[in-house]
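Read the structure below first, then the notes.
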2 protein chains.
Amino acid sequence: MELLMVFKALSNETRINMLIWLKQPHLHFPAEELEDYDANLGVCVSDITQKAGLSPSTTSDYLSILQKCGLIEATRVGQWTYYKRNEGAIKTLNKLIQKAF
Amino acid sequence: MELLMVFKALSNETRINMLIWLKQPHLHFPAEELEDYDANLGVCVSDITQKAGLSPSTTSDYLSILQKCGLIEATRVGQWTYYKRNEGAIKTLNKLIQKAF
DNA sequence: CAAACATATCGATATTTCCCGAAATCCAGA
DNA sequence: TCTGGATTTCGGGAAATATCGATATGTTTG
C-alpha cells in the first residue's frame, strides 16, 4: 500500500467514481446482475465500461491501475472479470492517511 | 475542498513530503527559525526549497498547488512567505475521504 | 533611489498520463 | 474446432505535468 501510488490512481475523476460506484453496485449498475452483487462477486468490466462511458480498453486499463495499488480486486469467472472493492485495503488506507497527515 | 484536486496535488512525492515536513517544522527545518515554528508562523520558501532539493521556482509552484486546493496557507511577512498546514482543511479532508470511500 | 534578496511568474522542453482503435488472448457454445 | 463475445495488451497522438532558467515583482536597507 504505497501512498503515492494510491494518490496517482485517485488523481483521475473516473477512477475516483469507479471506487464510489463499486461501493453500492445495485445503485449504479444494471439490476439484472443483482445476484452477483448480493454474492459480493463484484461488477463485470462491460457494465463498468458502460457506466464510465469510456472505451473497453481504457476501462480495463483504469481498473488495472486501481487493482495494482490494492484498492480493488478481480475475480475471473468464465469470460468475465468481476471487480470489487478491497475493503480491507481501503480501511488500511484511511488509517495510513490519518497517520501520515 | 475538491477531492480530485487534492489527489492531484498529492500525486507527487515531494508535495506529499512537504505536507509531512510542515507537520513538525522543528524536526525537518533549520533550528534557527525555531521561534517562527513555535509562533505557528510556518516555514519560509527558501528553507522548504533547501529541504526539497528543487529549484526555487519549482518549489514555489508546488507550494502554490498545495495552497490552491486548501491544504496549506501562506503568510507574507516582509520579503518572506511562510507556509503552514491548514489543519482544519486537512481534518475536513480526512472526513471527506472517510465518507466517500 | 540603487543594490541585494526572497518569491512568483513565464516560456520552454522532457516526461507522464489520457484515451483511443487494432490486435491478441481467453473462454463458451455450435 | 470455428465463431463470437469479453477482456487485456499494444502502439500512438493529444493533453497535462514536471521542472528548469530567465525574468518580473515586491521588500529592505544603505
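A, B, ... follow the sequence lines: proteins, then strands. Residue 1 opens every chain. Just so you know, these numbers come straight off a predicted model, no measurement behind them.
- Grouping Ile, Leu, Val, Met, Phe, Trp and Tyr by side-chain contacts under 4.5 Å, direct or through others, leaves B/L34 on its own.
- With sequence neighbours excluded, no residue forms a side-chain hydrogen bond (donor to acceptor under 3.5 Å, both in side chains) with A/Y37.
- For the segment residues 20-43 of chain A, no residue has any heavy atom less than 4.0 angstrom from an atom of DNA chain C.
- Residues from residues 66-73 of chain B placing a heavy atom under 4.0 Å of any atom in DNA chain C do not occur.
- The ring pair (Phe, Tyr, Trp, His ring centres under 6.0 Å) search around B/F29 returns none, not counting sequence neighbours.
- Not a single ring pair (Phe, Tyr, Trp, His ring centres under 6.0 Å) links A/F101 to another residue, sequence neighbours left out.
- At distances below 3.5 Å, not a single donor-acceptor pair connects side-chain atoms of A/S64 with backbone N or O atoms of A/S60.
- Partners of B/S57 according to the side-chain hydrogen bond (donor to acceptor under 3.5 Å, both in side chains) rule, which considers only residues two or more places apart in sequence or in another chain, are B/S55.
- Atom CG of B/L10 is separated from atom P of D/dA18 by 12 Å (rounded to the nearest Å).
- Scored by the salt bridge (charged side-chain N to carboxylate O under 4.0 Å, His left out) test, B/E87 finds B/R85 as partners (sequence neighbours excluded).
- Among residues two or more places apart in sequence or in another chain, the side-chain hydrogen bond (donor to acceptor under 3.5 Å, both in side chains) test is passed with A/K91 by none.
- Put simply, CZ on A/F7 is 15 Å from P on D/dA18, counting in whole angstrom units.
- For A/N86, there are no side-chain hydrogen bond (donor to acceptor under 3.5 Å, both in side chains) partners at least two apart in sequence or on another chain.
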Tell me, for nucleotides 6-18 of chain C in 5' to 3' order, what letter each nucleotide earns: B for a base near a protein heavy atom under 4.0 Å, S for only sugar-phosphate near one, - for neither?
-> SSBB-------SS
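- Residue pairs meeting the salt bridge (Lys or Arg N to Asp or Glu O under 4.0 Å) criterion with at least one member in residues 55-80 of chain A, sequence neighbours excluded, do not occur.
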